[in-house]
Amino acid sequence: MEQLADVVAERDALRAQLAAVTAERDALLARVEGGERAAAQPAAGGASGAQLAELSAEVSFLSPRGKFRLVWSEAAAFLHGKTSSLQLPYHLISRLFMLPEATGKGTILALTLSSPIANGNSKLSHLLLHSKPSDPKCAAEALQLQPGPPAEVVSQAFARLVPIAVSGPSSFKPLQGVGGVACYVKATEAALYFLEEECVVREASKLHVLPYANIRVEVVPPDSRRTFDLLFQLPADGSPAAKPQRLELSMLPAAECERIGQLLLHKKVNVNGSRDGGAESSEAPAASAQVEKDSEDDEDDSDDDEEDYAPSDSSAVEEEYDSDGGIQMEGSPADDESEAESEAESGGENGVGEEGRNDTLKAEQLNAKRAKR
């Protein structure tokens with residue numbers, strides 16, 4: 001009987017252990033099937049605080065890529081996807097940008113971070129929410145936000161909880177497109193936006209924020225092309241091995257070249273070295289202008305000399321000699337004098353010329369005077 005009782009007690013202990021293991025398994029399965037909802041609903045006093053609101057529909061993101069369900073807590077926001085979740089503390093959000101796509105096919109809500117956050121094996125320095133006109137409206141009732149396009153509702157929620165003002169394009173409107181100027185970064189489609197304090201370049205799922213006060217821009221004019229290029233240069237981050245950051249935009253419409261150049265100059269951007277300081281840079285243009293002026297004066301003087309020089313028929317022409325022995329060349333002035341002497345001699349043989357008759361008359365008169373004496 002004692003052995004039977006021991007067996008029964010051991011059986012009951014095993015059943016209790018099995019029940020505990022089964023309960024733990026069910027709890028893990030519930031977390032996986034529910035998208036780890038427990039992470040978005042921490043206990044009061046936790047690191048994230050209590051849940052405040054949840055977006056009524058999933059929204060599409062370009063970075064991180066995929067569809068996510070948004071939940072806001074007291075200290076952080078959570079993005080829950082099918083395979084991963086992401087925690088976004090509010091204190092890391094530095095800027096909010098609402099950027100209409102250059103094609104007019106949607107809106108980009110960009111959240112820039114003061115320091116990157118982990119996303120699996122990679123890190124994110126910004127989040128890009130993509131809202132299309134065909135997307136269903138969503139709402140966050142707990143935050144008293146009325147239904148609307150996803151980008152507008154999400155931006156209002158973050159602006160209320162962080163709080164940070166939402167920035168958008170300035171009064172500059174491109175001649176074509178909506179909000180941004182279409183361009184390329186290498187072979188990738190991009191868009192250039194001009195804001196009040198900076199310009200922003202969206203390159204697919206990347207975002208480049210370029211403050212006017214820190215950038216140097218080289219404008220490559222279109223010449224005979226239909227497009228032009230912009231080369232942005234940012235200073236290094238201060239480390240000894242760091243190099244200036246460069247971003248080249250190509251295939252911008254030629255019609256925007258002058259307008260963009262004037263806008264950058266109005267924002268006091270260093271365009272093509274226009275704001276380079278130092279005596280060397282200030283003297284170089286003046287020296288160049290002086291050289292150009294002197295060259296023009298020399299050309300004018302040369303033209304005047306050419307106009308003033310007009311040789312007359314009576315001008316003496318220098319004798320020409322053959323380089324080999326000093327023999328006079330045929331057709332030289334010496335030949336002409338020889339011909340004249342030959343003609344005079346031949347005229348004396350054939351008859352007395354005018355000068356010869358005068359000399360003869362004078363000689364006869366002189367002889368007559370001598371005879372009278």
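The structure presented is a predicted model; accordingly, all values stated were derived computationally and were not measured. Position 1 is the first residue of the sequence; numbering continues from there. Worth knowing before you read on, the calculation uses all heavy atoms, side chains too, and leaves out hydrogens, waters and symmetry mates.
Shown here are the side chain to side chain contact (heavy atoms under 4.5 Å, CB included) partners of K268, two or more places apart in sequence or in another chain: R275. Qualifying salt bridge (Lys or Arg N to Asp or Glu O under 4.0 Å) partners for R225, counting only residues two or more places apart in sequence or in other chains: D229. With sequence neighbours left out, A139 forms a side chain to side chain contact (heavy atoms under 4.5 Å, CB included) with S56, P147. C257 meets the side chain to side chain contact (heavy atoms under 4.5 Å, CB included) test with V219, P222, F228; sequence neighbours excluded. Checked against ring-ring contact (aromatic ring centres under 6.0 Å, His included), F97 has no partners two or more places apart in sequence or in another chain. The side chain to side chain contact (heavy atoms under 4.5 Å, CB included) test applied to E189 returns Y184, not counting sequence neighbours.
By the 4.5 Å heavy-atom criterion applied to side chains, S63 and L124 are counted as neighbours. With contacts defined as side-chain heavy-atom distances shorter than 4.5 Å, the pair S274/L265 qualifies. Between V153 and L143, every side-chain heavy-atom pair lies at or beyond the 4.5 Å cut-off. L86 places none of its side-chain heavy atoms less than 4.5 Å from the side chain of F78. The shortest side-chain heavy-atom distance between S250 and T227 does not fall under the 4.5 Å cut-off. At a threshold of 4.5 Å between non-hydrogen side-chain atoms, the residues V162 and H91 do not count as touching. Using a 4.5 Å cut-off on side-chain heavy atoms (C-beta onward), C199 and L192 make contact. Using a 4.5 Å heavy-atom cutoff, the side chains of L99 and T107 are not in contact.
Residue pairs meeting the salt bridge (Lys or Arg N to Asp or Glu O under 4.0 Å) criterion with at least one member in residues 74-102, sequence neighbours excluded, are R95-E198, E101-R202. For residues 112-126, the side chain to side chain donor-acceptor pair (under 3.5 Å) pairs, not counting sequence neighbours, are S94-T112. Residue pairs meeting the salt bridge (Lys or Arg N to Asp or Glu O under 4.0 Å) criterion with at least one member in residues 245-263, sequence neighbours excluded: E256-R259. Applying the salt bridge (Lys or Arg N to Asp or Glu O under 4.0 Å) test to pairs two or more places apart or on separate chains, none has a residue in residues 150-174. Residue pairs meeting the salt bridge (Lys or Arg N to Asp or Glu O under 4.0 Å) criterion with at least one member in residues 130-147: none, sequence neighbours excluded.
Shown here for V166 and A159, the closest heavy-atom pair between the two residues is CG2-CB, 4.1 Å. Of all the heavy atoms in A182 and P253, the pair that sits closest is O-CD, 3.9 Å. Closest approach of V217 to I215, counting heavy atoms only: CG2-CD1, 3.9 Å. For the pair C183 and L252, the tightest heavy-atom approach, listed with the atom from each and the gap, is CB-CG, 3.8 Å. Considering every non-hydrogen atom in both P89 and A76, the closest pair reads CA-CB, 3.8 Å. Across all non-hydrogen atoms, the minimal contact from V185 to L249 is CG2-CD2, 3.5 Å.
Using a 4.5 Å cut-off between side-chain heavy atoms of Ile, Leu, Val, Met, Phe, Trp and Tyr, with links allowed through other members, V209 and I93 fall into different hydrophobic clusters. Residue V201 is grouped with residue V181 when hydrophobic side chains (ILVMFWY) are merged at heavy-atom distances under 4.5 angstrom, including chains of intermediate members. Both L96 and L55 are members of a single hydrophobic cluster when ILVMFWY side chains are connected at heavy-atom separations under 4.5 Å. If you chain together hydrophobic residues whose side chains sit under 4.5 Å apart, L234 and F232 fall into the same group. One hydrophobic cluster, built from ILVMFWY side chains closer than 4.5 Å, cannot hold both V200 and V269; they sit in different ones.
A salt bridge links K267 with E196: the distance from a Lys NZ or Arg NE/NH1/NH2 to an Asp or Glu carboxylate oxygen falls below 4.0 Å.
Between the OG atom of S84 and the CZ atom of F68 there is a distance of 5.0 Å, given to the nearest 0.5 Å. A distance of 8.5 Å separates CG of L111 from CG of L128, quoted to the nearest 0.5 Å. One distance of note links CD of Q245 with CG of L210; it measures 9.0 Å at 0.5 Å rounding. Rounded to the nearest 0.5 Å, atoms CG (L230) and CG (L264) are 7.0 Å apart. Rounded to the nearest 0.5 Å, atoms CG (L62) and CG (L129) are 8.0 Å apart. To the nearest 0.5 Å, the span separating CG on N272 from CG on L231 amounts to 10.0 Å.
For the pair S155 (side chain) and A151 (backbone), a donor-acceptor distance under 3.5 Å is present. The backbone N or O of S73 sits less than 3.5 Å from a side-chain atom of Y90, completing a donor-acceptor pair.
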Open item on the list: Using the rule given for side chain to side chain contact (heavy atoms under 4.5 Å, CB included), can you reason through Y193 versus L195, listing the C-alpha separation, both sets of side-chain angles and the distance that settles it, and then say yes or no?
Closed with: CA-CA 6 Å; Y193 300 89; L195 284 66; 3.9 Å; yes
Open item on the list: Test side-chain hydrogen bond (donor to acceptor under 3.5 Å, both in side chains) on H130 and S60; report intermediate values, then the result.
Closed with: CA-CA 6 Å; H130 188 201; S60 298; over 6 Å; no
Open item on the list: As a quick check of understanding, evaluate side chain to side chain contact (heavy atoms under 4.5 Å, CB included) for L113 and L88, giving each step before the final call.
Closed with: CA-CA 9 Å; L113 308 179; L88 176 61; 3.6 Å; yes
Open item on the list: Run H208 and E203 through side chain to side chain contact (heavy atoms under 4.5 Å, CB included) and show every step you take.
Closed with: CA-CA 8 Å; H208 307 276; E203 175 194 355; 2.9 Å; yes
- [ ] Please step through side chain to side chain contact (heavy atoms under 4.5 Å, CB included) for the pair L161 and W72, ending with a clear verdict.
- [x] CA-CA 9 Å; L161 295 172; W72 290 275; 3.5 Å; yes
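With side-chain heavy atoms closer than 4.5 Å counting as contact, directly or through intermediates, V178 stands alone and belongs to no larger hydrophobic cluster.
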